[in-house]
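In what follows, chains are A, B, ... by sequence order, proteins preceding strands, each numbered from 1. The figures here come from the full heavy-atom set of this structure, side chains too, leaving out hydrogens, waters and symmetry mates.
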Amino acid sequence: MSAVLELEHLRKNFGATEIIRGVDLTIQAGERHAIIGPNGAGKSTLYNLISGLHEVTSGKIRLRNHDITNRRPFEINRLGLSRSFQVTNIFPRMSVFENVRCGVLWSMGCKYSFWRRVNGNVEVQQRTEEILESIHLADKRHIPASLLPYADQRALEIGITIAGGADVVLLDEPTAGMSHTETARVVALIREISQHKTLVVVEHDMSVVFDLADRISVLVYGEIIASDTPDNIRGNRAVREAYLGTDFV
Amino acid sequence: MSMKGLLNNYGVWMVAALIILLVPIPFGSGFALSIASQMTIAIVFALAYNMLLGQGGMLSFGHAIFFGLAGYFTIHYLNWMGQGVVSYFPVSLLPLLGGLVSMVLGVLIGLVSTRRAGTTFAMISLGFGEMVTALTLIIVSFFNGEEGIQGDRWVGPEPLGITFGSDVQVYYLAGAWCFAAAVAMYAITRTPFGRMCNAVRDNPERAQFVGYNTQRVRWLAFTLSAFFSGIAGTLHALVFEHVGFETVDIARSGFVLFMVYIGGTGTFLGPVLGAVLITWLTSILSNFTEAWYLYFGIIFVTIVMYAPGGLAGLIFMHEPIWLTDPRLLRRLLWPYALGLASVLVALVGIIGEMEMIYHLSNDITGEFVMNLYGFDISLRNTVPWVICAIIGAIGLALCRKSFPLVAQHWHQVMHEARERVLQ
Amino acid sequence: MAGCVGLSAALCQEGVSVVQVLLFSLFNGLLYGMLLFMLSSGLTLIFSMMGVLNFAHASFFMLGAYFAYEISRLIGFWPALFFAPLGAAVIGAVIERYGLRTVHKFGHVAELLFTFGLAFVIEELVQMIWGKTNKPYLIPSSMDFTLFTWQGLDYSAYRVFMLLTSVGIFVALYWLLTRTRVGLIIQAALSHPQMVGALGHNVPRIFMYTFGFGCGLAAIGGVLGGNVLGTEPAMAIQLGPIVFVVIVIGGLGSLGGALIASIFIGILTNAAVSYDVPFGPFFALFGVSSATDIGNDLVRMTSGSVSSVLPYLIMVLMLILRPRGLFGNRDV
Ligand SMILES: Nc1ncnc2c1ncn2[C@@H]1O[C@H](COP(=O)(O)OP(=O)(O)O)[C@@H](O)[C@H]1O
Ligand SMILES: [Mg+2]
């Protein structure tokens, strides 16, 4: 196994407040890695740093053999890292199909082409159809994304994220706000799409986390207090005190 | 492809081509042809502007610089050809050259201005517009100040006897370019770039995370829009054989914004509608009133407030109804007629008052007489003021009664359409 | 240096010293700059609090001038100084309440479009009511005399009064922002625009007052400057873009930046006109000769003749070198 994503002494300040306080984390190829931690611990902020949305205050981020510290989001995406958002972040005025296709275009080499018909590209259409199938939205392809029910929007969010075929996928609370059956659906979906990929997922639902993850890191107040297999995390005292609560079995 | 499929895909374009071809038959007079030429130019410019505003979400207050500078270039090029300074270039292809000149400018200016979208972009575009306008008054040898420069489009060889000397010939030149440019701009909306343009407009943050450099997308949209604006500017120069600083200044930038927004930014057809309508209105209104700019301003503000989709948006609002059952539209006929009539009555009164005020403050003869709606009236007489006030008041009262009626019928019909779809 | 030779030659002709020109352009530049600040401060306040870029801001400057013209004809300049801005502020608040607020839900670009249309409508209405030609809005006769002569140059009483008033307004604004409760709320809103809603105040009403206040501030500028710059329908569209440039240079949302940029642009354009440095020698260095038409244009250029493009040039340079402006905390 080889390291795909490495964070070294990562720090981030917003004004005077230090939100990420020296995070070291290594994620192996093909791993399903969960990051858990209380609200406001800095999980989303960590994603924002890795994906290039925010500048880091200090530290290093490496994706395979590329230093991606403070690179711009589209560059990082082109290197094969894709992320989803905690707050649904789609193209509201476009149809479901168009939304997914936006995620496909760059990876299929369409770039900024303004001389080729987008509908004429069979590979793009096929790939888009595949993604639509896998997120179970194929029969809603013509509906404007803003009109979708919440759970479908979350699925679309994942669809856009994986559409470009990135092999490192960061999901931010994919099941937040969902019912039991919806959650089960999404977990199955995540399991399906994360085959042959490296997956990092921020998640609050512990049954999902322990079900899905190969490794778990616990982020509290901007610091990783433990990073281990699910079983060891379950038994880790510090984690139980800081986060899981004493009544967690 | 079957005949029907062909018609569905290309039918609209065939109709458009037919209209462009046939216009000179009923409207053959010099004046009518001039209006028609202006419409084709306005259509190209409006579509180019909408590439920026409607497709790319960038509001520019200085886009006329790409229109006007291409025009200046064209006139100079015509004159240089006449003097033999530059090699011959077919006049019919000059719009391409003009477009390229504007495109180069678009690349340079866009590099600075498209770093940001939204209001900041708008502000910077205004700065560039003002800068170029100021330059037209400073660099006299190129722009010749307020007078502008003139040229003669009748230069060089005359293939098939086409000289562009006559109005009809130059109209067909403009019409052909209008058609080609419209097709090209429509095609661009159907490309990967066109789609990402919309994506960047709707959610620039997300667009970066699917691999696209949003600044690059905006820059490209800006450049392409500059190219087509340059084509429009060149056509303007060829039709009028004159360009002055009024082709680059903020009034022209504002006017194209009016056209596009009043027509509707959301559809490809909207700007065309706006361009045709406003060019036509300008040509007739400017004969009757000096306050027409005021009326355009008021229409514009009203549209921004109550119909942000523009006229095309208002039309396409009815799409669900006519897709369900066109007969339902008939039930809207009466309420609409009533509402429209009330608005017209109110407008007659209000416009009458405004025209009188306008005349009163701008009267240089000191006689205070004017012609209003065909009546010769004296502004010292209180009767016309009172009559207009009464008409206006009646109109407004009618509006208050009829508008709720229109809304009520609209909701009923929409409701019924929805019911039928769900059944 | 070639430029200096040209400079002193120009001055010898007019028979005034470099120091005199310097003082004069500093004084007038400061005056013009403070006038710009009355517009740019209101624009900044409105922009920071509401996110609205008020294209019609200079139109309220114009309304101030026209109102002052009418009021001072009827009852005199001093009441005009009070009532004209008040009138403009009320109109601004009403427009915010019944126009801008309707558009708010469509986003900031729609708001900008609205104010753009508004600027057009106001200009046309002014033409409709007051005519297309300029109005004789004159300096009040009580202040139409030379207050003092310094370094051989006359300083008119009215201009000194203008300067003092605008400095007074600046001080009042500063006091308002730093020493009062309202000011602290505004400051909080300025530094955290997204937090305005969380202040626990009636946000729509704050917006209405802010807009009205900003418009009133612009109108004070119109009352003070209309009789010096000329009161005509085009005065808004001439000044408006410069005010935008000022807030871009100063940094969007920064009042301090707006002040510095206003004064900087004011002094720069005035100095460019009064020194009128010829560029001929400069272009000659690059071998440009007046033999060609375009060369002739370049050689004949002076800093005075290009003063109208200077603000825009500086804006472009600023955008390239420092996109967030002098003191901006957000990227332009
Ligand atoms: N752009 C920002 N500016 C200032 N503070 C921020 C910003 N983004 C996040 N924060 C702060 O950082 C902390 C961590 O937030 P976040 O990463 O969203 O937490 P989590 O995702 O773990 O719930 C919070 O206290 C939040 O207020
Ligand atoms: Mg979070």
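- The pair A:Lys43-A:Asp172 does not meet the salt-bridge criterion, since no charged nitrogen lies less than 4.0 angstrom from a carboxylate oxygen.
- Taking all atoms of both residues into account, the shortest heavy-atom contact from B:Ala46 to B:Ala275 is CB-CB, 4.1 Å.
- For the pair A:Arg83 and B:Phe209, the distance from NZ or CZ to the six-membered ring centre is under 6.0 Å and the angle to the ring normal is within 45 degrees.
- Contacts with chain A were tallied for B:Ile188, B:Thr189, B:Val210; B:Val210 has the most, counting heavy-atom pairs under 4.5 Å.
- Between chain B and the options A:Asn99, A:Asn77, A:Leu53, the largest number of non-hydrogen pairs under 4.5 Å is found for A:Asn77.
- In this structure, no portion of B:Ala187 lies under 4.5 Å from any heavy atom of chain A.
- Note on ring orientation: taking the six-membered ring where Trp is involved, the planes of B:His63 and B:Phe45 are parallel (angle under 30°, cut-offs 30° and 60°).
- Both the backbone and the side chain of A:Thr161 have a heavy atom closer than 4.5 Å to some heavy atom of chain B.
- Between chain B and the options A:Cys110, A:Cys102, A:Ser113, heavy-atom pairs under 4.5 Å are most frequent for A:Ser113.
- Within the cation-pi definition used here (under 6.0 Å to the ring centroid, within 45° of the axis), A:Arg78 does not qualify as a partner of A:Phe74.
- Using a 4.5 Å cut-off between heavy atoms, A:Leu81 makes no contact with chain B at all.
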